[in-house]
Amino acid sequence: MKGEIATLRNTAERELEQAQDEKQLQEIRIRYLGRKGMIAPILKSLTNIPEQDRPAIGQLINELKEFLEKAIRERTEWIKASKLQEEEAQSWHDISLRGRGPILGCKHPITQVMEKVVHIFVSMGFSIAEGPEVELDYYNFEALNIPKNHPARDMQDTFYISHISAEVVLRTHTSPVQIRTMEKQPPPVKIISPGRVYRRDADISHNPMFHQVEGLLVDQGVSLANLKGTLETFVHRFFSPTIPIRFRPSFFPFTEPSAEVDIQCVMCLGKGCRVCSNTGWVEILGSGMVDPAVYGFVNYDPERWTGFAFGMGIERLAMLKYGIDDIRLFFENDLRFLHQFFVS
Amino acid sequence: MKVNYQWLTELVTISIPPKELAELLTMAGLEAGVVDQTRLDLPGIIVGLIKSVVPHPHAGQLLICQVDNGEGIVPIICGAPNATPGAKVPLALEGAMLPGNRLIKRKSIKGIDSYGMICSEYELGVGTDAANIWILPEDTLIGQEITSFLDKEATTIELNLTPNRGDCLCMLGVAREVAALTGQKVRLPLIQVREEGDSVEKFSSVEILEPELCPRYGARIIYDINLKPSPLWMQRRLELAGVRPINNIVDITNYVMLELGQPLHAFDYDLLEEGRIIVRLANQGEVLTTLDGVNRHLGSDNLVIADARRSIALAGIMGGNGTEIHSGTKRILLESATFNPLTIRKTAKSLGMMTEASRRFERGCDPDGVVRALDRAVHLMEATNEGIVAKGVIDKYPKPIFPVKINLRGQRANAILGTQIKVDKMKGCLEALELKVIEKDEPDEVIVEVPLFRPDLNREIDLIEEIARLYGYDLIPSTLPHAQMVSADSTRGFLNQKKVKDLMLSCGVDETINLSFISGNSFDQLRLPPDDETRHAVELKNPLSGEWAVMRTTLIPSLLKTIQLNRSRGKKDIRIFEIGRVYHPQKETVLPSERLYLAVALCGLRTKDIWHPPNEYCDFYDLKGIMDTLLERLNLSSAKWLRQPLAIFWKKESYILSLNGQELGTLGNVHPDILNNFEINAPVFFFEIDLDLVFQLSQSEIRYQPLAKYPAVYRDLSVIVPRNIQAGSVEQIIKGEGTEILKDVSLFDVYEGQPVEAGKKSLAFSLVYQSEARTLTDQEVDGIHTRIIDALTREFGATLRN
């Protein structure tokens, strides 16, 4: 009996060593430990041996069972581990292939610049105001101190709308929003107005439609020095904190004193090139102290309230920022152009 | 305005080079563009060195100069008093061509041969000095062509003047600015008038019938006119300023206008009926042929200059050709006048005539300069022996204009500018600009009297700007405002737009921005019926082209054009959107309604050339998926799709989206006829939605729901229904029968084809049952599941699929 058990153990041990997968192990388990396995008859035959020998043999059988259980478990672990090792050794990916998943759309460069400009001013405490693009002559010109038959009207070529009874234009700037806002609310006013504007002009630096962001701040004690501080902050945040900037006197009918703001030419870094007409500077926005005449149209007391206004063309900023030399590219929507602005 | 640097130096001393001057003017508000410095265009003229000078033996005033031309010494006869040994001079040798087609030949002068000519600036057209020869700089190389020299006379600075600075449309005005900026004084040009013969009153008289429109009119008579080309230097200056030289008389009027800013006009005196001038309004229907040969039909609001019989000039704009100077002209009447800017502008605008004169008059000319300009012109005529000036000036000034006096408060100026400039400093700035400052008892205030050449200065704020300009914008400090905080929920509209844009990008759609105007025939291209509301559009009165004639009422033409453009350039797979306004005329209001729309169009491959197969074409459901995502994100999933055949879509793939009876948008498969009209030969799926309405209806409030404590029971349900039954209707029945324990229904398979019988389809749903109060039993769920199947059988004749 003892010998039989020892043989069984040896055979099982050999078989286990040869088992290569879990299925074979399962078969071995059934063959030895199953209900109809090889150990079961030995247990049954215990009744045939002398009673005093039974505990010792019984223990041997139990030891065999425990041994087999443990050996099968260990072999299982070993097979799993070696399988994993093999899998790992064989695994391979082409990291140069694009991963599966969503391909995102591109945000139009004008939108990107517009959002950036708006964000800077909103973070400085300006509110956003919007108004109609098809606008009354009154808001677009008259109330901005640009009377009819004034040479200042030549500064902006205007689209007129066919209308029987009123003078209607496509707004040439978003400044009418300033008037509409001041008409509606008493000072203080602190707004920017982004949007589409229209001028009757088409060449590589003019498009009949373009985008502007204009700003207006009216409060007590607002000065030209404040205008400089605000716009310098903007320019430094939009371009770079070190870019040279200058304010130069100019003329707009709705501001006085007026100032144009130049930055060092981003193309030639001030050395002089075609883009900056060899001056080393490029103009990026117009601004000034709100002309007292404008307050007259909205019933603000010019002795009590002062303020500044500014306006910039988004396309111009985008052209300088990205080095684009033809404004019409923005509106042609050639996907080869638009896809260049994926990085945002 | 082209400013001739050399000319400017005659009126004010300038000690800085042109580029620096341009910079200085720019920073004072006169934006200088290109500084044009050209080299002399004088081939064949070389540098010579005068070795010796001896008097001509037979002609006392002439000199024989021995000149080194770099190759040898040649004798040149010359009459200039400044010809001295050691001087380097421009030398025109035999065969050289001088301006004015003057060919240089060797010739014998009183028995002595001269081998060429030593030139003056005048002869070379580079200066006004005709008496002296031009002495060149000492460091020039003998024999070298002088084309390598900078042409100092041709150095011009282009000024981009703002409309308020009409005073700088002349050399004198710019000189005043330069003087103010550099601490110099302006030198007025030389005026010496020698009058002869009869008094001007004997020749002519001036009558002003409209003193408001013509406050001042001056005239002189010049006789014995000698009409010829003007001197080369004057012709060059005119040409450099962009004015075509004509003859000495016309050129002088133009020259004085460029110099002093006062437009002049010369009439042929002998062609004036009764020799007199009347300034009046035109008669309605009066016709005047202007110098450009155009017949101008005038109205009673056009101011004219007339003689006793007819109008002879359009006041301040252009002369008439009936009294034009011509080769036989013997006597002229020279006009110098002041006109009301508004009347000149109106007439010039209505007749479409923008002239050098009208440009100046409509910006305002100095009434105090009227006679000075006349005198300067006759001075130039006399100086070049071109005529004799009659005695006296006619100067009608019925409505004298007086200088404005403005009170200036130092404190106010500093408050506006954010500075602490002393009043004395302010006075200095204003006086530098030739403004008269009068002290007041209050130490902080002064009275400022503005000369008439600055009509743009009328108010205190105008003076404050002048102070800032002269003080220097760069010296004004830079500070952030201390403004009050305001509460305004103003960014919502902008942020909503951004939210939708970002959502579209994450759906893999590219943003485009198209022009707001479309072609008038777009609506025909879209096959819209004649009475379609979309055709009712805002029209431009003066469009740039027919392609951009009306404001769009729908975004579809813009997106189709963009698809066409990209496909024609080889980009076939296109997923694009635009957010922009559409414009609809309104009956009740002058201004149209403007609503923000979103439109999406898909064409070509779905997957943008990704290596993962399969590469499939976009279809209806790709588009609808984007719309569904948008509606889910904005919590508008309760909106209903109604099939409605629209002209632009395939009849059966045409839907409108509706919520609470309001139409939110349209969606469909664009009809091939329309695609054909836009030259697109691939399917395009398109939707358009009213974002303003969407934002108005969207409610994005979120309420948290507790998570379930009891286990869920999952069941699948696969039914066969007729093909035309919408999955949504089946889902509705399931939800209706499912009671509150049915928590979720989702469709996971739609199948048509074998073994499903033709005309039918199989729909497979997975259902989740769950209770908040207890663990559900199988029995309970089976009961409800059976009820659902019964209901589907009843409604749609559905059968269970095995």
Side-chain angles (χ1 to χ4, degrees), chain A residues 97-98 100 102-108 110-111 115 118 122 127-130 132-134 149 151-152 155 159-162 166 168 188 190 196 200 202 208-209 217 219 222-226 228-230 232 246-251 256-257 259 277 289 292 306 330-335 338, chain B residues 26-29 33-34 162-164 342 345-346 362-363 416-418 461 464-465 468-469 473 476-481 483-484 486 488 490-491 493-494 498 504-506 508-516 538-542 544 548 562 566 569 571 581 583 590-592 594 608 611-612:
Chain A
L97 288 176
R98 191 188 195 282
R100 193 179 292 117
I103 294 190
L104 303 180
C106 289
K107 194 172 264 190
H108 197 285
I110 291 303
T111 302
E115 285 177 356
V118 167
V122 167
S127 307
I128 299 173
E130 290 183 289
E133 292 169 21
V134 183
N149 294 307
M155 292 171 89
F159 284 114
Y160 291 90
I161 295 298
S162 311
V168 182
K190 214 174 167 190
R196 293 186 178 198
R200 206 174 172 282
M209 179 191 94
L217 188 148
D219 206 332
V222 177
S223 68
L224 188 64
N226 294 153
K228 280 186 74 176
T230 305
E232 261 176 32
R246 71 178 190 186
F247 291 77
R248 134 179 95 67
S250 188
F251 168 79
E256 183 151 14
S277 307
M289 300 301 292
T306 52
F330 291 120
F331 306 101
E332 205 178 55
N333 298 300
D334 188 321
L335 293 174
L338 295 178
Chain B
T26 296
M27 291 312 285
V34 184
T162 52
N164 59 324
L342 210 61
R345 174 151 177 97
K346 274 188 188 162
E362 69 183 33
R363 284 163 174 75
I416 296 278
L417 301 178
I461 193 73
I464 294 173
E465 179 172 59
R469 231 162 47 79
Y473 277 22
I476 290 169
S478 184
T479 56
L480 283 174
Q484 294 180 39
V486 287
S490 63
T491 52
F494 194 84
K498 183 174 183 318
M504 288 302 115
L505 301 182
S506 62
V509 190
D510 293 320
E511 189 191 6
T512 63
I513 298 180
N514 294 284
L515 297 188
S516 307
V538 174
E539 285 171 31
L540 299 193
K541 213 187 270 180
N542 56 339
L544 271 173
W548 302 332
T562 297
N566 278 287
R569 294 182 181 179
K571 192 89 186 164
R581 294 186 189 179
Y583 314 80
V590 171
L591 295 182
E594 296 184 16
K608 279 194 181 171
W611 59 276
H612 308 287

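Reminder, nothing fancy here: chain letters follow the sequence lines and each chain counts from 1.
Looking only at heavy-atom pairs under 4.5 Å with chain B, the residue among A:L217, A:I110, A:L338 that has the most is A:L338. Among A:V168, A:V122, A:V118, the residue with the largest count of heavy-atom pairs under 4.5 Å with chain B is A:V118. Between chain A and the options B:T26, B:I464, B:T562, heavy-atom pairs under 4.5 Å are most frequent for B:T26. Listed options B:K541, B:K346, B:R345, B:E539 were ranked by heavy-atom pairs under 4.5 angstrom with chain A; first place goes to B:R345. Of the listed residues (A:S250, A:A259, A:S162, A:P249), the greatest number of heavy-atom pairs within a distance under 4.5 Å of chain B belongs to A:P249. Comparing A:P188, A:A129, A:G229, A:A202 by heavy-atom pairs within less than 4.5 Å of chain B, the highest count is held by A:G229. For the options A:D219, A:L224, A:V222, A:N226, heavy-atom pairs under 4.5 Å to chain B are most numerous at A:N226. Taking B:S506, B:G418, B:A468, B:P163 one by one and counting their heavy-atom pairs under 4.5 Å with chain A, the maximum is reached by B:P163. Interface summary for chain B: among A:M209, A:R200, A:M289, the most heavy-atom pairs under 4.5 angstrom belong to A:R200.
A side-chain donor-acceptor contact under 3.5 Å links A:K228 to the backbone of B:I476. A side-chain donor-acceptor contact under 3.5 Å links B:N566 to the backbone of A:L335. Between the B:E594 side chain and the A:E133 main chain, a donor and an acceptor come within less than 3.5 Å of each other.
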Check step by step if side chain to side chain contact (heavy atoms under 4.5 Å, CB included) holds for A:F159 and B:N542.
-> CA-CA 6 Å; A:F159 284 114; B:N542 56 339; 4.0 Å; yes

Does the side chain to side chain contact (heavy atoms under 4.5 Å, CB included) test come out yes or no for A:R246 and B:Y473, once each step is laid out?
-> CA-CA 8 Å; A:R246 71 178 190 186; B:Y473 277 22; over 6 Å; no

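Of the two parts of B:V538, only the side chain, counted from C-beta on, holds a non-hydrogen atom closer than 4.5 Å to a non-hydrogen atom of chain A. Heavy atoms closer than 4.5 Å to chain B are found in the side chain of A:E232, but not in its backbone. Residue A:V134 touches chain B through both its backbone and its side chain, counting heavy-atom pairs closer than 4.5 Å. At a 4.5 Å heavy-atom cutoff, the contact between A:D334 and chain B is made by backbone and side-chain atoms alike.
Distance check, rounded to the nearest 0.5 Å: NE2 of A:H108 to CD1 of B:I513 gives 4.0 Å. Going from atom CG of B:L505 over to atom SG of A:C106 covers 8.0 Å, rounded to the nearest 0.5 Å. Put simply, OG1 on A:T230 and CG on B:L480 are 5.5 Å apart, with the number rounded to the nearest 0.5 Å. Rounding to the nearest 0.5 Å gives a distance of 8.0 Å between CZ of A:R196 and CG of B:L515.
Every residue meeting the ring pair (Phe, Tyr, Trp, His ring centres under 6.0 Å) condition with A:F330, not counting sequence neighbours, appears here in chain and number order: A:F337. For B:Y583, the ring pair (Phe, Tyr, Trp, His ring centres under 6.0 Å) test picks out no residue, with sequence neighbours left out.
Nearest approach of A:P132 to B:L591, heavy atoms of both residues: CG-CD1, 4.2 Å. Listed here is the closest heavy atom pair of B:L417 and A:P257: CD2-CG, 3.9 Å.
A salt bridge links A:E332 with B:R569: the distance from a Lys NZ or Arg NE/NH1/NH2 to an Asp or Glu carboxylate oxygen falls below 4.0 Å.
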